[in-house]
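Just below is one structure, and these are the notes that go with it.
Note on naming: letters A, B, ... go to the chains in the order of the sequence lines (proteins, then strands), and numbering restarts at 1 for each one. In this text, all values refer to a predicted model and were calculated from it rather than measured experimentally.
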Amino acid sequence: MGVNLSAIITAENLLLEDLENKVIAIDAYNAIYQFLSIIRGPDGTPLKDATGRVTSHLTGLLYRNVNLLEAGIKPIYVFDGVPHELKSQTLAERSERRVKAHQEWKEAISEGDIERARCKATQSSRMTNEIAESSRILLTYLGIPVVQAPEEGEAQAAYMASNGEAWAASSQDFDSLLFGAPRLVRNLNISGRRKLPGSRGYKDINIEFIELSKVLEENELQSREQLVDLAILVGTDYNPGIRGIGPKRGLKLIQKHGDLQSALDAISEDIPQAECIQKIFLDSEKIEVSGLEWNEPDRDKIIDYLSRDHGFSKNRVTSALDRLKSKKRDNKSEQSGSQVSLDRWV
Amino acid sequence: MFHAKIKSEVLKGIVDVVSTLVDEAKFNMNADGFDLKAVDPAHVAMIEMNVEKGAFEEFTADETELGIDLDKIKEVLRLARSGDIIEMKQDEEKNRLVLNVGNITRRMNLVDITGMSDPRVPNLSLPAMVEVTSDELQKGIRAAESVSDHIALTATPEDFEMYSEGDTDSATLRLPKELLLSLECEEQVKSLFPLDYFSNMVRSIPAGSAVSINLGSDYPVKLEFEIADKKGSVRYLLAPRIESD
């Protein structure tokens, strides 16, 4: 979800290796949703353990984080707190859509339409407390720091990227830029070969890297405030936006009139609560986080949790964890520091 | 103007020490001898060298800068035997250096020195000073080489230690104060260095020389020693490896 500004944003492609040694603050719910919608059986049923608990997200978190850690990336997962009341409407709509999709999925299954079933199932992904909680447990066992945001996880992740606690924020949503992340990494958790929803084809998905300063510069915007104003015109998670105004038209309006209110006046439109939405992006509640640590993955606990409690194949879990062990051996040299230049002392 | 005669083994000593870090160097000649400063291409190690005219059998020079390709000097040295005298002469007209060994004359173009400015020398205050023979350093390096690519140098008020750690194995050379030529150290200092550089530098030190090692924590190391029968002095600097920050 989030604001759709892709039409005016150019991204640079990165490889996982390019992010070595970088701390990335990941919007946890965003990542988990991706796993929930992508990791499913052929007919769209999410992966489940023997007791019926969904495990798609655990599979995703395990393998993806092993990849990230193996590439020397330092992830931080930032979980949502209480959503802002303005978002409730969006959330309610999403929930409705999910219920509907779930219904349609069941119909498709009974009709034997696997393609459609899979597509509908993807749309019916739902976050539950159990999913959030099990994600936290697994991340903690993996030695990856978890941060609880007071409000939006994305706002907190963006804040951590802006104050240097992280190098970049990671989310699929461009909202991170609105929340002030100087750097945004997209597709971190889904890069690679992916099946496209609703088609039989595959596509290579690259990691995209976007810099706020470049977005502003390329679009001749003076400030993040203007980008936020543009987003509100087009529509965000907190407001539907003005009908008929997409990113390009919106951009022209903001460039011409300078700010949201003047742009709205010019086209005789009104957005109720506009100031309140601006405030969410520019001034939402964040907490100071420091001294985060990445610990050694707790092999025994991970194997216990995934294999014994959630029915994962023990072999697959251990072989994933073994990749980290061998990585660590390769990194012995890193542990013994990195070479610096004499110029440092000149 | 530069014209000198030098024993082949003395010239070899000078060239070996410099060519450890660079292939070409700018020699700053003056009436009393020459000096040289060079940094390796990666800016990880640096050499400062002074050689008095007394290191030469004969020496006359004006203040002049000569860019010399050290590989070419080595080629000439291969033609000489120990004890042979090598005559070196600048041909200012043709911008060449001419070397004579016995009946062989080897002419070589001088290297263009525009752009070969003297590197800036870091200003370091290194709290510990250890004096040890180059042979002991060699031993420590040989022990480390089979274990790791890095070597940690530690000085304490009691001893000096060279330590390297690999995946499974480690090696230590510990030299208590009694086995050192001297030791000045108020509290423990430790820095980690790339073994290949350190080993090449130590290898170029004349056997049996006293080496003074100036050390700090996560700081470059300075190795000082004499060459050319005490008529020349060398200071090597090597940047440390530092925990990624």
* Which residues, numbered in order, of residues 121-129 of chain B come under 4.5 angstrom of chain A by heavy-atom distance? -> B:Pro122, B:Asn123, B:Leu124
* Got A:Val340 and B:Pro240 here, is their nearest side-chain heavy-atom distance under 4.5 Å? -> yes
* To do: Measure distances from B:Tyr219 to the heavy atoms of chain A and classify the residue's part below 4.5 Å as side chain, backbone, both or neither.
  => both
* **Region of B:Ala45 in contact with chain A, defined by heavy-atom distances below 4.5 Å** => backbone
* Asked: Quick check: are there more than 12 heavy atoms from other residues, nucleotides or ligands sitting under 6.0 Å from NZ of B:Lys190?
  -> no
* Asked: Does B:Lys12 NZ have over 12 foreign heavy atoms under 6.0 Å away?
  -> no
Which atom of [X] lies closest to which atom of [Y], heavy atoms considered:
X: B:Leu238; Y: A:Leu342; answer: C-CD2, 4.2 Å
X: B:Ala239; Y: A:Ser341; answer: CB-C, 3.9 Å
X: B:Pro194; Y: A:Gln339; answer: CG-OE1, 3.0 Å

* Stepwise, does the side-chain contact (heavy atoms from CB on, under 4.5 Å) test hold for A:Asp343 with B:Arg120? -> CA-CA 8 Å; A:Asp343 300 340; B:Arg120 293 206 292 171; over 6 Å; no
For residues 137-155 of chain A, please give each side-chain donor-acceptor pair under 3.5 Å, one per line with the distance, not counting sequence neighbours.
{"unit_1": "A:Thr140", "atom_1": "OG1", "unit_2": "A:Arg136", "atom_2": "O", "d": "2.6"}
{"unit_1": "A:Gln148", "atom_1": "OE1", "unit_2": "A:Arg136", "atom_2": "NH1", "d": "3.0"}
{"unit_1": "A:Gln148", "atom_1": "OE1", "unit_2": "A:Arg136", "atom_2": "NH2", "d": "3.0"}
{"unit_1": "A:Gln148", "atom_1": "NE2", "unit_2": "A:Asp80", "atom_2": "O", "d": "2.8"}
{"unit_1": "A:Glu152", "atom_1": "OE1", "unit_2": "A:Lys87", "atom_2": "NZ", "d": "3.3"}
{"unit_1": "A:Glu152", "atom_1": "OE2", "unit_2": "A:Lys87", "atom_2": "NZ", "d": "3.1"}
{"unit_1": "A:Glu152", "atom_1": "OE2", "unit_2": "A:Tyr238", "atom_2": "OH", "d": "2.8"}
{"unit_1": "A:Glu154", "atom_1": "OE2", "unit_2": "A:Ser171", "atom_2": "OG", "d": "2.9"}
{"unit_1": "A:Glu154", "atom_1": "OE2", "unit_2": "A:Ser176", "atom_2": "OG", "d": "3.2"}

